[in-house]
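In this chain, numbering begins with 1 at the start of the sequence shown.
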Amino acid sequence: MNGPLGVDTRLTVGCGAYDRTWPLIAGMFRPKGYTLNWSVLPPEEVFLRGMLGGEFDITEMSLSTYLLLRSRGTCRYLGLPLFVSRKFRHSALYVRSDSGIERPEDFAGRRVGVPEYQLTANVWVRGLLADEYGVRPEAVHWIIGGIDAPGREEKVPVTLPARFETTRLPAGETLWQWLLEGKLDAIIAPRAPKAFADGHPAIRRLFPDVPAAERAYFRKTGLFPPMHLIGIRSDIADRHPDLAASLTVAFEQAKAFAANELHQFAYDTAMLPWQEAALRQTEEVMGKDYWPYGIEPNRTAIEAMARYSREQGLTDRCLSIPEIFPNHC
């Protein structure tokens with residue numbers, strides 16, 4: 001794979017087009033010694049083709065699935081602490097309007113639908129419920145299946161310990177159908193059920209003011225949950241020991257460029273008319289470097305995710321940071 005003198009090594013990348021990755025996709029920055037051939041894909045597809053299928057030399061990965069695979073010793077990729085996607089998840093809790101659920105504590109003893117148990121967003125929500133409101137995952141009956149379309153399966157098969165109560169939806173049925181029929185009290189998912197987006201009266205968010213709840217959570221915990229990270233396929237990492245460092249520099253440069261663009265108030269980089277006000281409020285609450293890469297500024301969040309994975313039955317132990325990021329420790 002090493003080319004002639006002066007010719008860069010060409011590598012394939014599967015990843016989403018975010019403001020922090022777009023400068024790399026456009027070729028404004030690249031890792032020294034390498035040329036990247038990008039496939040821009042939505043998360044569900046890139047996870048299947050990259051993280052699970054091994055199609056790309058470098059790929060975007062689900063943090064939860066990555067921890068699960070590393071705990072089993074079956075991951076094709078070595079992760080880098082380049083968290084290209086992160087998001088607070090208070091918006092992911094949807095409740096049936098007549099369920100009687102008014103507070104997070106009311107989730108105890110309820111039947112809650114999830115499209116996949118091991119989704120990173122759902123791991124963070126269960127951690128939120130346990131740490132902040134005392135509702136442990138064992139206190140909820142988890143119903144697993146597609147939200148609006150039947151047949152969804154876990155990306156990676158998961159066998160949970162007996163202390164967790166789970167039910168898989170029968171073939172042809174959906175979580176939304178069960179919610180309407182009163183068989184479910186709530187749905188936890190990163191993508192809103194279509195009925196919620198359409199304004200159906202039978203479903204509402206648990207938190208009526210999501211941004212306020214998320215700001216309070218950050219002020220208390222300091223956590224801005226990482227969702228996705230970048231991985232290098234193990235055979236590529238072995239062949240190119242300098243790639244991780246070179247890739248990290250390029251991703252940092254692209255993120256810095258994107259952050260600077262957000263501050264160009266003469267024009268807006270996104271189709272948001274109050275972008276400047278939102279940015280100023282974000283920096284007031286979270287500081288200037290609110291989207292850090294690397295281990296140290298994310299240590300608390302990484303360790304929380306490792307703990308949640310163990311507490312929720314996904315991993316058989318709490319992975320250490322050297323186990324998660326062996327090339328960075």
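The distance between the ring centers of F224 and Y290 does not fall below 6.0 angstrom.
The aromatic rings of Y217 and F88 sit perpendicular to each other, their planes meeting at more than 60°, with 30° as the lower class boundary.
For R310, the salt bridge (charged side-chain N to carboxylate O under 4.0 Å, His left out) test picks out no residue, with sequence neighbours left out. Partners of F207 under the ring-ring contact (aromatic ring centres under 6.0 Å, His included) rule, at least two apart in sequence or in another chain, are H90. Residues satisfying the ring-ring contact (aromatic ring centres under 6.0 Å, His included) test with Y308, not counting sequence neighbours, are W124. K87 pairs by the salt bridge (charged side-chain N to carboxylate O under 4.0 Å, His left out) definition with nothing, not counting sequence neighbours. Among residues two or more places apart in sequence or in another chain, the salt bridge (charged side-chain N to carboxylate O under 4.0 Å, His left out) test is passed with R111 by none. The salt bridge (charged side-chain N to carboxylate O under 4.0 Å, His left out) check on D289 picks up K255, with sequence neighbours excluded.
Among pairs with a residue in residues 145-162, those fulfilling salt bridge (charged side-chain N to carboxylate O under 4.0 Å, His left out) read E116-R152, E116-K155, E153-R168, at least two apart in sequence or across chains. Within the structure, salt bridge (charged side-chain N to carboxylate O under 4.0 Å, His left out) contacts touching residues 21-34 (residues at least two apart or in different chains) are D8-R30. Residue pairs meeting the salt bridge (charged side-chain N to carboxylate O under 4.0 Å, His left out) criterion with at least one partner in residues 205-227, sequence neighbours excluded, are E132-K220. Sorted by first and then second residue, the salt bridge (charged side-chain N to carboxylate O under 4.0 Å, His left out) pairs involving residues 264-285 (not counting sequence neighbours) are E276-R280, E283-K288.
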Name every donor-acceptor pair, under 3.5 Å, that has one atom in a side chain of residues 40-52 and the other anywhere in the protein, sequence neighbours excluded.
unit_1	atom_1	unit_2	atom_2	d
E44	OE1	R191	NH2	3.2
E44	OE2	R191	NE	2.9
E44	OE2	R191	NH2	3.2
E45	OE2	R49	NH1	2.8
R49	NE	E55	OE1	2.9
R49	NE	E55	OE2	3.4
R49	NH2	E55	OE2	2.6

Review item, side-chain donor-acceptor pairs of residues 193-202, under 3.5 Å, at least two apart:
unit_1	atom_1	unit_2	atom_2	d
K194	NZ	D198	OD2	2.7
H200	ND1	A202	N	3.0

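Across P137 and Y117, no two heavy atoms sit closer than the pair CB-OH, 4.3 Å. When all heavy atoms are compared, the tightest approach of C15 to I230 is SG-CD1, 4.1 Å.
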